[in-house]
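One structure is given here, and the rest of the page talks about it.
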Amino acid sequence: MSDIALNQEVEQGVYEACHIQQALGLGRSKTYEYLQEVYRTQEPFRVIKIGKLFRIPKYSFDRWLYEDSLSEVK
């Protein structure tokens with residue numbers, strides 16, 4: 001995915017599976033397994049599924065990622 005496409009997705013307020021994969025340092029299949037589980041429970045962040053595509057609201061994912069990181073530092 002090009003930087004332009006990435007910037008467009010971020011500006012739209014959603015991440016794709018590839019962004020979550022990169023942020024969490026997971027492999028592709030583990031990322032999709034994890035997103036499927038999160039989609040089912042809607043925890044610890046929100047996941048939207050459109051057909052086979054996952055979309056993750058930026059605010060929801062970032063809040064989960066950075067709140068957990070900040071609580072570990074304290």
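Scope of the values below: all heavy atoms of this structure, side chains included, with no hydrogens, waters or symmetry mates.
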Checklist line | Spacing of Y32 atom OH and K52 atom NZ [to the nearest 0.5 Å] | finding: 11.0 Å
Notebook entry, point to check: In terms of heavy-atom contacts, does NZ of K49 have more than 12 from other residues, nucleotides or ligands at under 6.0 Å?
Noted result: yes
Next item on the list: Verify the cluster assignment for L35 and L53: are they in a single hydrophobic cluster under the rule of side-chain heavy atoms below 4.5 Å apart?
Entry: no
Notebook entry, point to check: Got a second to check how far F45's CZ is from L65's CG, nearest 0.5 Å?
Noted result: 9.0 Å
Check: Which pair of heavy atoms, one from V14 and one from R55, lies closest together, and at what distance?
Finding: CG2-CD, 4.2 Å
Margin query: Please determine whether residues I20 and Y66 belong to a single hydrophobic cluster, defined as Ile, Leu, Val, Met, Phe, Trp and Tyr linked transitively by side-chain heavy-atom distances below 4.5 Å.
Written below: yes
Item checked: Exam field: side chain E67 to backbone W64, donor-acceptor pair closer than 3.5 Å -> no
Checklist line | Student check: side-chain heavy atoms of F54 and Q36 closer than 4.5 Å | finding: yes
Note to self: Looking at I56, is its backbone amide N or carbonyl O close enough to the side chain of S60 to form a donor-acceptor pair, meaning the two atoms are under 3.5 Å apart?
What the structure shows: no
Check: Which distance, rounded to the nearest 0.5 Å, do you find between the OG1 of T31 and the NE2 of H19?
Finding: 12.0 Å
Margin query: I'd like to know if the side chain of Q42 reaches the main chain of V47, judged simply by a donor and an acceptor atom lying under 3.5 Å from each other, with no hydrogens or angles considered.
Written below: yes
Next item on the list: Report whether Y39 and Y59 are members of the same hydrophobic cluster (ILVMFWY, side-chain heavy atoms less than 4.5 Å apart, transitive linking).
Entry: no
Next item on the list: With the side chain counted from C-beta on, respond yes when Y34 and L24 share a heavy-atom pair under 4.5 Å apart, and no when they do not.
Entry: yes
Next item on the list: Could you tell me which non-hydrogen atom of G27 sits nearest to which non-hydrogen atom of Q21, and how far apart they are?
Entry: C-NE2, 3.8 Å
